[in-house]
Structure formats: structure tokens, C-alpha cells
Amino acid sequence: MPLTGKQLIAGKWLDGRADTFRGVDPAKGENLEPEFTCADEFQVTEAVNAASECFTEFANTSPQKRAEFLNTCADEIMALGDELLERVSAETGYPRARAEGERGRTCGQLRMFADWIVKGEYLDARIDTALPDRQPMPRPDLRSFNQALGPVGVFGASNFPLAFSVAGGDTAAAFAAGCPVIVKAHNSHPGTSELVAQALAKAVEKCELPGGVFSLILGSGKRVGAELVKSPGIKAVGFTGSFSGGTALFKLANERPEPIPVFAEMGSINPVVLLPEALKNSAESVAEGFVGSLNMGTGQFCVNPGLVLGVEGEDLDRFISATSDALAKVGAGVMLNKATQQGYQSGGAKLRDQQGVEEVATGEATGDESGFTCQASLLTVSGKDFLANGELQEEVFGPTSLVVKCRDRDELLQATAALQGQLTGTLQCTEAELGSYGDLVELLRQRVGRIVVNGYPTGVEVCHSMMHGGPFPAATDARFTSVGTKAIERFLRPICFQNYPESLLPEALKNDNPLGIARLVNGEKTSDAV
Ligand code: NAP
């Protein structure tokens, strides 16, 4: 189906009744066809009502049925073929290989959730059988498991047009949990969003699910996005994007008569701590890997390494010099959109203006002024100035990094202690240093969601043990991840059945264990019948 510029509301493609806009090719700065129409408040309500109406039916589908649906979503996305890859590149400036890689990741995560839910582990089924003769009080029969939370509103990020967007991790996790989803498309890739929505609509139809299971609405975050979050039928929000966007939606959700959770993954500067022995042994190779990580995707990753901490001296100078040499050869990159380019320029200018900050290297000049291009940049500052100025921790979204030259080990510890919550913290170190710097490692552990040893923060594996989140301001709730199968936990809630008739219990809690899943029965993990 060619792009229509319409909304998908409960299985129907409808013209939006509000304003219009177009996608833009960031490499050329040119508008793309077609024109997209935006939803008005009644259309947002229509989508939410349809999701609410079908919630019970979808929530009570078997894990096998939802696994079939998730796999069909992946099949249909693949069936979009080149048209999808071309549109991703046109709307983001990403090369085809990146678009293809991200499509693989998106379909992989849908399929991973499909495989995961049929195992039943996510249900966390628990049974405590009745003890009628217990003294001084009998114990009733108590059984609990996780059930779907309710319709979920999803906001994707501009920099992951597939993997953190319409059918990205939040949507996959919500579907896996049994929650209908309404996506507020990112204005930076409306065509990509519509194509993926077409695929999901086909999957809904093929799996004979109600149309309300999935809707796509377009429009600005401040209007359509806010309407969505305020809608009483929405019971949780998944968000990936900026600190300002995430916190605005978090605030709105908490001001509702019925507050709801907003799981927002926001910006991060992902500190890389260079410990002395590792730096002495391999300053140049660490620099080489660092420059690769800093420039990956033109630095437009939430796990981009925007901060380096080290102790001043010859070895840190070797690292800075090798990084500067490599950075000077980095060509100008295309940024996702004009706002991102402007944010990069103004954020970089603000950082350069701060007390003690010095720019030591820049990438190649952009030359071509027609697209939204940018230059990489490396800056330095003393540990003292870093500690005195919290603004040096503001994310500059793009290929800019600040090296903090600490006076000694103590100042390195202080700088680590001053860090705000982060998605990741990286240590370049020897194994012995991991032990001898135990105090620093402990400080880092308290501030990040993932610790990387002798690697770089970019490259977030989608797997069962991934933690992509972290203490505020990296995320609004440090207990949850937005990547990997544990991400499903955001969209589930426990329910307990006390003295419930056995024959009417959900399958997961019936005595004979028809799902064949592992359960906690009277405190022991078992797949046996009760
Ligand atoms: P963004 O500007 O926050 O936009 C994300 C979505 O939220 C858009 O649909 C946007 O709609 C909406 N939105 C933004 N502000 C809003 C508000 N005040 N009220 C309601 N809705 C609002 O994020 P982005 O464009 O993707 O920018 C990149 C940023 O995301 C970077 O800071 C980066 O570090 C971060 N990021 C984080 C992760 C992560 O996993 N933590 C991943 C990728 C990116 P409009 O476009 O209409 O405003």
C-alpha cells in the first residue's frame, strides 16, 4: 500500500482532522512526499477507546496466540522489503546498512518476546495452597501471577526509527504483555512510521485480533502526545527521547486524577573512566575504539560516550592526542533533523563557553550546507572546574565529548561521585585495577544501569540480561529496562486470587498446570501439578 499520510485508528486509515506536515530528507534538507495529516483530540480519544474496549480480550489471549502475533508483526515488517529501507534512509540520512541492521534488531526483538512469553516465566506464577488446619489461624489458598496493565501509549525516538519506534522495544514488550498500544509517531520519520503501522495492521488482521490492539496517531508531542497521556484509558507510557520530553510527559501523567507510570529512557552522557594502568598500557588503542564509539551513527546514540574521566599526566595526554588526531579525520556527518542539528550547535556552543572548557579537536568541516550536517568535537576541562559546574553534565546529543582531567585519584573519585544517573558507565582498566579501585567501581554502580569493562557503551545487545535504563535523569524509574525481555515487566501487574474456585482460575494458576510452566509452589520452584 502506498503511503497515505493518514492515521491508523483501530484498523481504519483515516485522514487526520488537525494540521499537516511532511517528512524531511536531512541529507538534502528537502521535503518528502506525501503530506501527513495530524489527529485531533477526538481521534486520540477514538484510538484510546478502541484500545480500552478490546483490552480484556487481548489481555486474555494465550501467550501462544500473542507469540503468533509478534512473529507475524516481524514477518510483515520484513515483507515491506526495500520500500521500508529506502524510506528509513530518506528520513534519517542513515546508510542502507544501518537501516537493514535496525530492521533486523526490530524483528529480532519481536521474535525474542514471542519465544520468551511461551515459556511462561514472565507470568511469575505463585501458589500457596490452603492450610486449613494451621494454628492459630488457617491459611487460605493464595495464587498470584502477572497480568497485563492496560492500554499503553508509546513515544519513539528520532534516532531509532525502527527499533525504538512504532514496532520497537516498547510496543513489542506491551504486546507481549497483552496490552493494546497507541503510538504517537515521531515527526522526524512519519513515512517509516506509517509503513511499519501498515505491517502491524496486517498482522492484527491476519491473527484475527480486534483493530483496537494497535493505533498510530500523528501530530506534535505537546498537543497529540499530551492528549494521549492525559486520556483516562491509557494505563502506562513508554517513552524514548530527550530529558525535556520525558520529564514533561512524566509530570503530565502524575497530574492526572489517576496517575500512571511513565517509563522514560532519556538522555545520558555515559562516562568512560580511564584508570591509570590501562591508560599507560594502551592509551592509543583505547583512543581508537573511543573515536569509533563517539562517531557511530554521527554520535546520535543515547549511549554515546559524552564524558571521559582520567587522571592528568603523560598517559592521559597520549589518549587526548591520539583521539584528537583520529577525530580530525572524521568527516562531517548528517544529523537526523534540523532541530537535532540546532540542538547540537547550541549545546556545543554552551559547553565551549563554560569556565575552563577548551576545544582540542574538531572533525572535518561540513562543506555541504544544504543538509543538516555536523562536526565532531573533543573538549577538555580540569577536574576542579568539572566539580564546580553541574552544567558540564548536560548532554550534547551528537559526536561531542568532554575529557575531565582530574588532579589525582581523589579528584577522580569526587568526579565519579558527582555524576548524575546514567544509562552506562565504562571502565578502561586492568583486572587488578577493578579490585584496587573498588571504591570508584562502587560509586559507578550506584549511578549507572550497565557497567562496561574495556569496551565502549555503544551497542546495546537485545537479550535477557540487558539493562537499558538507570537512575534519574537517565530514566524515570531505575528498576526497569527498556531493552530485552525484562522490559515486559513495565507493562504487567501482579494480581492475587484468594480462595478462588480452581476450575475458574487462569490457566497459569490451575492445579494441573496446563501451560506446563515453572511456578513457585509453596516456596519451591516446580513445573509439577499441584
Ligand atoms: P524528543 O524530542 O524527546 O522526542 C521524542 C518524542 O516525544 C516525540 O514524539 C516528541 O514529539 C515527543 N515530545 C517531546 N517533547 C514533548 C513534550 N514536551 N510533550 C509531549 N511530547 C513531547 O526526542 P528525540 O527527538 O528522539 O531526540 C533525541 C534525544 O533522545 C536525545 O537527547 C537522546 O539522548 C535521547 N535518546 C534516548 C534514548 C534512550 O534510550 N535513553 C534513546 C534514543 C534517544 P515532537 O517531536 O512533536 O516534540
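Order of appearance sets the numbers: ligands from 1, and atoms from 1 within every ligand. Note that this is a predicted model, so its numbers are computed, not measured.
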Ser220-ligand 1 polar pair, N/O distance under 3.5 Å
no
Val272 backbone acceptor or donor facing Tyr456 side chain under 3.5 Å:
no
Report yes or no: does Asn146 contribute a side-chain atom to a donor-acceptor pair with the main-chain N or O of Tyr122 at less than 3.5 Å?
yes
Just to check, does [X] reach to within less than 4.0 Å of ligand 1 when the distance is taken from its heavy atoms?
X	result
Ala157	yes
Ser482	no
Phe301	no

Considering non-hydrogen atoms of the protein only, which is the closest contact for [atom], and what is the distance?
atom	result
atom 27 (O) of ligand 1	Ser158 OG, 3.7 Å
atom 18 (N) of ligand 1	Ala248 CB, 3.4 Å
atom 14 (C) of ligand 1	Gly245 CA, 3.8 Å

Rounded to the nearest 0.5 Å, how far does CD of Gln420 lie from CZ of Phe243?
8.0 Å
Ligand 1-proximal atoms of [X], by part, heavy-atom distance under 4.0 Å:
X	answer
Phe239	side chain
His468	side chain
Leu336	neither
Leu249	side chain

Cation-pi, Phe160 ring and Arg98 (6.0 angstrom, 45 degrees)
yes
Can you classify the ring geometry of Phe491 versus Phe263 as parallel (below 30°), tilted (30 to 60°) or perpendicular (above 60°)?
perpendicular
